[in-house]
Amino acid sequence: MMAASALAQQPAAHHWAIVLHGGAGTIERASMTPAREAAYRASLAQAIEAGAHVLDRGGSSLDAVEAAIRILEDDPLFNAGRGSDFAADGRNEMDAAIMDGSNLKAGAVGDVTRTRHPISLARAVMEKSPHVFLVGEGADAFSVYAGLEQADPSFFFTERRWQDLVRELKREGLPIPPRPAGAPPPPAVPAAEMESPDEHKYGTVGVVALDRAGNLAAGTSTGGTNAKRWGRVGDSPLIGAGTYASNKSCAVSATGTGEYFIRLTVARTVCALVEYKGLALQAAVDEVIHKEVTGLNGDGGVIAVAPDGQMAWSFNTAGMYRAKLAEGGKLEIGIYNDEP
Ligand code: ASP
C-alpha cells in the first residue's frame, strides 16, 4: 500500500483534451456539396477520436497527436501526406513538426518526398537524432535510417491537387511540368469537384493535446501551398511559427499562408501572451489572429490547448476544418465561420 505522504505527492489528475484542424481558407457553403461536407466531417471525427482514444487509455499527448495526424496524412481530403499540394515543379514536398510541451523537445522536417507519415519522421528527428530540423535529401535519408515506412512519390498524388496546380500555373503563365511518373492517367472528363475554386488551396493538418499527466504536445503536417516554389518551406515545421508547445503556457498549431505566420512567430507569440501577460487562451489566439495576422493582411488560423484544459481556436478566413473534444465532453466539429 502507498504511504499517505507518497499519495500526497501524486500529481493532480488532469482531464485530457484534444483540438484538431484540417486547414483554413476560402471554405464556403456555396462551393461545398453535401456529400463532400459530410466526408470532411466524418474524417475530422475519425481522426480526433483516434487521438482521444490514446488519451483515454492514459496515453501521452505526443502519441495522441501523432496518431490523429497519421490518419489525416493518409486521407486524400487533406493537404498532408497523401493529397499534398504540389510545388511548381510537379513534386510533393512535405513539411511536419512535433513538440513535447513537457521538456521543449521538438522535431521537424522540411521538403521531404518519400515518407508516408511525415509527422512520424518529425518525431524520429526529435527522438533519434541530436537535431531539431532536417530538410530535403538529408531528411529523406534519415527517414530510411530511422526505419520509417517509405512510399513512392506517386503515392502522394491526387488528381484534385494536380488540377489545382495546373490551374494555378496557367493563371501565373508558368510552365506546366509533366505528370509525375507513376501517377494514374488523366481522367477523360475532369470530375466536377476539380472545377471548384480556392477551397483546395488549404488542408494542412494540426493537432494539440493535453494528457492525464498534464503534458501538452503539438504537431502540424502539410504539403505546403499550391504551386509554391520548390524548396520553399512554410511555417508548419518551424518551431514557434506554425507549431509550439510548452507546459508553462499552451500548445498551438497553425494553418494559413505560412509566410505571415513565420514573420509573426504566431505559435510562440500565442504562448507568450498566455505565459507572460496571463491572457486567457481564447483571448491570446484572438489577439494574434485578429490583430497581428489580420493586421499584416495574412490569412489563416490556429488551434490551442492549455494545461488547465482550456481549448481554443481562432481564424480570419471563411472557414477552418476543426474539431475539439475533452474528457467527459461532447465532440464539436466546425467548418464555416458562422459555426461556434
Ligand atoms: N501553413 C501552410 C504553409 O504555409 C499552409 C496551410 O496551412 O494551408 O505551408
TODO: Please tell me if the side chains of Y244 and I239 come closer than 4.5 Å, counting only heavy atoms from C-beta onward.
DONE: yes
- [ ] Check whether any side-chain heavy atom of H21 lies under 4.5 Å from a side-chain heavy atom of F315, and answer yes or no.
- [x] no
Task: I48 side chain reached by L331 side chain, heavy atoms, under 4.5 Å - done: yes
Open item on the list: For L121, is there any backbone N or O sitting under 3.5 Å from a side-chain donor or acceptor partner on T115?
Closed with: no
Task: Value rounded to 0.5 Å, distance of CG in L174 from CD in E172 - done: 5.0 Å
Task: Residue from V305, I18, I71, T220 passing side chain to side chain contact (heavy atoms under 4.5 Å, CB included) with V207 - done: I18
Open item on the list: Between M32 and I335, is the side chain to side chain contact (heavy atoms under 4.5 Å, CB included) condition met? List the steps.
Closed with: CA-CA 11 Å; M32 186 79 89; I335 297 181; 4.3 Å; yes
Task: hydrophobic_cluster_shared for I69 and L148, side chain cutoff 4.5 Å - done: no
Task: Under 3.5 Å: donor-acceptor pair, side chain of R161, backbone of G83 - done: yes
Task: Contact check, side chains of V293 and D299, non-hydrogen atoms, under 4.5 Å - done: no
Task: Spacing of CZ belonging to F156 relative to CZ belonging to R116, to within rounding of 0.5 Å - done: 9.0 Å
Open item on the list: Apply side chain to side chain contact (heavy atoms under 4.5 Å, CB included) to residues L273 and V288 and explain how you reach the verdict.
Closed with: CA-CA 9 Å; L273 288 174; V288 174; 3.7 Å; yes
- [ ] Determine, for R263 against E259, whether the closest basic-nitrogen to carboxylate-oxygen distance falls under 4.0 angstrom.
- [x] no
- [ ] Mind listing the closest non-hydrogen atom pair of Y260 and L296 along with its distance?
- [x] CE2-O, 3.2 Å
Open item on the list: Other residues, nucleotides and ligands only: do more than 12 of their heavy atoms fall within 6.0 Å of CD on E137?
Closed with: no
Task: Stepwise side chain to side chain donor-acceptor pair (under 3.5 Å) check, T294 with N316 - done: CA-CA 7 Å; T294 303; N316 66 1; 2.9 Å; yes
Task: Candidate list E127, R123, M126, test side chain to side chain contact (heavy atoms under 4.5 Å, CB included), partner K105, passing option - done: M126
Open item on the list: Can you confirm whether more than 12 heavy atoms, excluding those of F155, are under 6.0 Å from its CZ atom?
Closed with: yes
- [ ] Going by the side-chain hydrogen bond (donor to acceptor under 3.5 Å, both in side chains) test, name the single residue among H15, E327, H14 that passes it with R212.
- [x] E327
TODO: Heavy atoms only: give me the nearest S84-N92 pair and the separation to one decimal.
DONE: O-ND2, 3.0 Å
- [ ] Check the pair D89, R229 against salt bridge (charged side-chain N to carboxylate O under 4.0 Å, His left out), reporting the backbone distance first and the verdict last.
- [x] CA-CA 8 Å; D89 65 351; R229 236 198 125 75; over 6 Å; no
TODO: Indicate whether any N or O donor in one side chain lies under 3.5 Å from an N or O acceptor in the other, for D100 and N215.
DONE: no
Task: Distance-only side-chain donor-acceptor flag, D211 / S60, under 3.5 Å - done: no
- [ ] Quick one: sort the Y321 and Y40 rings into parallel, tilted or perpendicular, breaks at 30° and 60°.
- [x] parallel
Task: Exam field: side chain T222 to backbone A80, donor-acceptor pair closer than 3.5 Å - done: no
Open item on the list: Quick check on the hydrophobic clustering: are L210 and V19 connected, directly or via other members, by side-chain heavy-atom contacts under 4.5 Å?
Closed with: yes
- [ ] Find the distance between CZ (F78) and OG (S43) and round it off to the nearest 0.5 Å.
- [x] 5.0 Å
Task: Minimum heavy-atom distance between L165 and P177, given as atom pair plus value - done: CD2-CG, 4.3 Å
TODO: Output, in order, the C-alpha distance, side-chain angles, deciding distance and verdict of side chain to side chain contact (heavy atoms under 4.5 Å, CB included) for L216 and S246.
DONE: CA-CA 7 Å; L216 297 178; S246 166; over 6 Å; no
Open item on the list: Looking at D111, is its backbone amide N or carbonyl O close enough to the side chain of D95 to form a donor-acceptor pair, meaning the two atoms are under 3.5 Å apart?
Closed with: yes
TODO: Could you tell me whether the side chain of Q310 and the main chain of L281 form a donor-acceptor pair under 3.5 Å?
DONE: yes
- [ ] State, with a plain yes or no, whether a side-chain heavy atom of V285 is found less than 4.5 Å away from one of Q282.
- [x] yes
Task: Which atom of G90 lies closest to which atom of P180, heavy atoms considered - done: O-CG, 3.7 Å
- [ ] Measure from the side-chain N and O atoms of N79 to the backbone N and O of D85, and report whether any donor-acceptor pair falls under 3.5 Å.
- [x] yes
Open item on the list: Are V144 and V135 connected into the same hydrophobic cluster when the rule is that any two of I, L, V, M, F, W, Y join if their side-chain heavy atoms are below 4.5 Å apart?
Closed with: no
Task: Single-linkage hydrophobic cluster I98~V132, side-chain heavy atoms < 4.5 angstrom - done: no
Task: Euclidean distance, N337 CG relative to S314 OG, rounded to 0.5 Å - done: 11.0 Å
Open item on the list: For a 4.5 angstrom cut-off between non-hydrogen side-chain atoms, does L44 reach L20?
Closed with: yes
Open item on the list: Side chains of R70 and S120 only: does a donor on one sit below 3.5 Å from an acceptor on the other?
Closed with: yes
Open item on the list: Assess the residue pair E275 and R268 against the criterion (salt bridge (charged side-chain N to carboxylate O under 4.0 Å, His left out)); give the C-alpha distance rounded to whole Å, side-chain angles, the decisive distance to 0.1 Å, and a yes or no.
Closed with: CA-CA 10 Å; E275 188 173 342; R268 176 62 191 149; 3.6 Å; yes
- [ ] Could you tell me whether a side-chain N or O of R91 sits under 3.5 Å from a main-chain N or O of W230, the two making a donor and an acceptor?
- [x] no
TODO: Could you check K330 against L325 for side chain to side chain contact (heavy atoms under 4.5 Å, CB included), going step by step and ending with a plain yes or no?
DONE: CA-CA 6 Å; K330 215 171 110 285; L325 182 59; 5.9 Å; no
Task: Straight-line distance of S221 OG to E66 CD, nearest 0.5 Å - done: 11.0 Å
Open item on the list: Taking E93's backbone N and O only, do any of them form a donor-acceptor pair with K228's side chain (distance below 3.5 Å, no angle check)?
Closed with: yes
TODO: Would you mind reporting whether P184 and F157 have side-chain heavy atoms less than 4.5 Å apart?
DONE: yes
Task: Flag side-chain contact, heavy atom, 4.5 Å: F261 against T255 - done: no
Task: R322 (side chain) donor-acceptor with E332 (main chain) under 3.5 angstrom - done: no
Task: Main-chain N/O of V266 paired with E292 side-chain donor or acceptor, under 3.5 Å - done: no
Open item on the list: Let me check something: do I27 and L72 share a hydrophobic cluster, defined by ILVMFWY side-chain heavy atoms less than 4.5 Å apart, either directly or through other members?
Closed with: yes
- [ ] Would you name the heavy atoms of V109 and F133 that are closest together and state the gap between them?
- [x] C-CE1, 3.5 Å
Open item on the list: Hydrogens and angles aside, do S102 and N247 bring a side-chain donor and acceptor to less than 3.5 Å of each other?
Closed with: no
Open item on the list: Minimum heavy-atom separation for A218 and V65, please, with both atom names.
Closed with: C-CG1, 4.0 Å
TODO: Scan side-chain atoms only and decide if S143 and Q150 contain a donor-acceptor pair under the 3.5 Å cut-off.
DONE: yes
Task: Charged N-O contact under 4.0 Å between R29 and D338 - done: yes
